[in-house]
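See below for the structure under consideration.
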Amino acid sequence: MNYVQLGKTDLMVSRICFGCWQLSPRFWGDVPLKPWEAALSVALERGVNFIDTADAYGEGYAEECLGNYMHAQGVRDRLVLATKFYWHYTDDGGRYPDTAHDRVLQACEASLRRLRTDRIDLYQVHAFDPLTRPEEVGAALRRLKQEGKVRWCGVSNLNAEQMRMYQAHVPIECLQPLYNLIDRDVECAELPYCQANRVGVIPYSPLHRGLLTGKYRPDTVFTDNRNELPLYHGRAFQRMLAAMDELRPVAADLGLTLPQLAVRWVLTHPAVTAAIAGVKTREHIETILPAAEANLPAVVWHQVAGIIANAKAEALRLL
């Protein structure tokens, strides 16, 4: 496993980050814990030391599962642990954005309790809250750092201007954006900003919720959150599957599978520190790990990007 420095921090992280979004029943349904735990064990054995979760994943469920695993296996000190805050949960099961000073402190205490740890290595704002001043968020994060409960701070889903707003009040060491062959908006401003300011980048959904794995068939029907996404239906879905067929010989020439090609494409961008892989089984993590062994040649990176860009443009016209 290759390791790189996360931003300007003292954290050396694996280029594959084990993501925990899959432990979110409202998005993915019930995920069996035993296979997930087996996948995490394999990841640790193979050198993955970076794991990302959030209090929003299963409304604390993912943090609880991870905390129980780390406690039972005694592996907390082997991990760079990242989590996030943003939502305020109500008694009736609802939620709304809330990054007010005291709420951030409360959310951190709750995450520490669920994770069964005394510190969070990377504490991230999950999204931008327009009703809370950045200086208020910054003050809360600075206090948590002074108390030793948080080591470093990051953000998720923020644009470049929003990062600048937070950066004025607390050092932001990492951005967690949506980035993959299909979703490339952050190449315009966010990735250049991070490169210029030595901010780490840990993209999520490098496989676009599985679409870039090439494992789906034309008659596949999605029963989870993907059934609401346009590229997973009808003629648009068929066009994206055809693009996967175009990529197969490219991947084969490199000795890669389609998932490995897609993740390696993300990791090849010079701004990217690590790619977050949401895995449910040991087979998933074993498949993804070879993606981090090298970068793609520039000519291949652009070839692959062009195939998907053309397919996406055609697919959107078919909607």
Side-chain angles (χ1 to χ4, degrees), residues 6 11 13-14 16-41 43-44 48-91 93-99 102-127 129 137 140-141 144-145 147-157 174 176 202 204-205 225 274 276-280 284-285:
L6 179 67
L11 303 173
V13 299
S14 53
I16 297 296
C17 176
F18 193 102
C20 296
W21 185 30
Q22 64 273 34
L23 297 182
S24 297
R26 76 159 64 195
F27 288 99
W28 303 107
D30 292 329
V31 173
L33 271 186
K34 290 299 182 183
W36 176 83
E37 291 173 346
L40 184 48
S41 294
L44 291 173
V48 173
N49 74 338
F50 195 12
I51 190 160
D52 175 78
T53 187
D55 62 1
Y57 298 166
E59 286 74 35
Y61 176 66
E63 287 185 331
E64 288 180 358
C65 293
L66 179 56
N68 291 339
Y69 176 91
M70 291 189 299
H71 179 75
Q73 301 297 322
V75 295
R76 170 63 186 94
D77 291 340
R78 293 171 53 187
L79 291 171
V80 174
L81 178 61
T83 192
K84 313 178 202 67
F85 66 93
Y86 177 69
W87 296 105
H88 189 132
Y89 299 96
T90 59
D91 293 338
R95 64 181 188 178
Y96 61 92
D98 184 359
T99 59
D102 290 350
R103 177 58 189 169
V104 176
L105 302 184
Q106 294 166 2
C108 184
E109 291 294 343
S111 288
L112 289 170
R113 183 174 61 255
R114 287 188 293 263
L115 290 164
R116 304 179 71 162
T117 186
D118 62 350
R119 82 278 184 197
I120 295 166
D121 297 307
L122 179 66
Y123 201 36
Q124 303 157 98
V125 186
H126 209 152
D129 174 9
V137 181
L141 291 174
L144 290 171
K145 290 183 68 175
E147 294 175 349
K149 296 172 182 176
V150 167
R151 295 193 60 205
W152 304 99
C153 302
V155 296
S156 179
N157 299 305
C174 187
Q176 183 176 149
I202 53 173
Y204 66 87
S205 200
N225 68 93
I276 299 175
V279 296
K280 301 175 184 177
H284 289 165
I285 191 66

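Atom set for the values below is all heavy atoms of this structure, side chains included, hydrogens, waters and symmetry mates excluded.
- With a 4.5 Å cut-off on side-chain heavy atoms, L66 and T83 do not count as touching.
- When side chains are defined from C-beta on, Y69 counts as touching V75, because their heavy atoms get closer than 4.5 Å.
- Taking all atoms of both residues into account, the shortest heavy-atom contact from C153 to K145 is SG-CD, 3.7 Å.
- Residues N157 and Q176 bring no donor and acceptor atom of their side chains to less than 3.5 Å of each other.
- Residues meeting the side-chain hydrogen bond (donor to acceptor under 3.5 Å, both in side chains) test with T117, sequence neighbours left out: R76.
- Within the 4.5 Å cutoff, the side chain of S156 has no heavy atoms near those of the V125 side chain.
- In terms of modelled atom types and a separation under 3.5 Å, the side chain of Y96 and the main chain of Y89 share no donor-acceptor contact.
- Note: T53 OG1 to R114 CZ = 9.0 Å, rounded to the nearest 0.5 Å.
- Within the model, atoms CD of Q124 and OH of Y86 stand 15.0 Å from one another, a figure rounded to the nearest 0.5 Å.
- The side-chain contact (heavy atoms from CB on, under 4.5 Å) with L81 is formed by just one residue from the set M70, E63, R119, R151; it is M70.
- The two residues L79 and V48 come nearest to each other via the heavy atoms CD2-O, 4.5 Å.
- The two residues L40 and I51 have their closest heavy-atom pair at CD1-CD1, 3.8 Å.
- At least one side-chain heavy atom of T99 sits under 4.5 Å from a side-chain heavy atom of F85.
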Stepwise salt bridge (charged side-chain N to carboxylate O under 4.0 Å, His left out) check, R95 with E59:
CA-CA 10 Å; R95 64 181 188 178; E59 286 74 35; 3.7 Å; yes
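- For G19 against I276, the heavy-atom pair with the smallest separation is CA-CG2, 3.5 Å.
- Counting only heavy atoms from C-beta outward, the side chains of Y123 and C108 approach each other to under 4.5 Å.
- Here CD of E37 is found 7.5 Å from SG of C65. Values are rounded to the nearest 0.5 Å.
- The aromatic rings of F18 and W36 sit perpendicular, their planes meeting at an angle over 60°, well past the 30° parallel limit.
- Atom CG of residue D129 and atom NE2 of residue H88 lie 12.0 Å apart, to the nearest 0.5 angstrom.
- For E147, the salt bridge (charged side-chain N to carboxylate O under 4.0 Å, His left out) partners two or more places apart in sequence, or in a different chain, are R143, K149.
- For the 3.5 Å distance criterion, the side chains of N49 and R78 fail to qualify, holding no donor opposite an acceptor.
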Show your reasoning for whether side-chain contact (heavy atoms from CB on, under 4.5 Å) applies to L33 and L23.
CA-CA 9 Å; L33 271 186; L23 297 182; 4.2 Å; yes
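- Within the 4.5 Å cutoff, the side chain of L122 has heavy atoms near those of the C174 side chain.
- Although no hydrogens or angles enter the test, the distance criterion places a donor-acceptor pair under 3.5 Å between the side chain of Q22 and the main chain of V279.
- Looking at every heavy atom in both residues, A277 comes nearest to I16 through CB-CG2, 4.3 Å.
- For A54 against H126, the heavy-atom pair with the smallest separation is CB-CE1, 3.7 Å.
- Put simply, CG on L115 and NE2 on H71 are 13.5 Å apart, with the number rounded to the nearest 0.5 Å.
- Summarising the geometry, atom CG belonging to L6 is positioned 6.5 Å from atom CD1 belonging to I202; distances are rounded to the nearest 0.5 Å.
- The side-chain hydrogen bond (donor to acceptor under 3.5 Å, both in side chains) check on R103 picks up nothing, with sequence neighbours excluded.
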Set out, in order, the CA-CA distance, both residues' side-chain angles and the distance that settles side-chain hydrogen bond (donor to acceptor under 3.5 Å, both in side chains) for K84 and Y57, then state yes or no.
CA-CA 10 Å; K84 313 178 202 67; Y57 298 166; 3.0 Å; yes
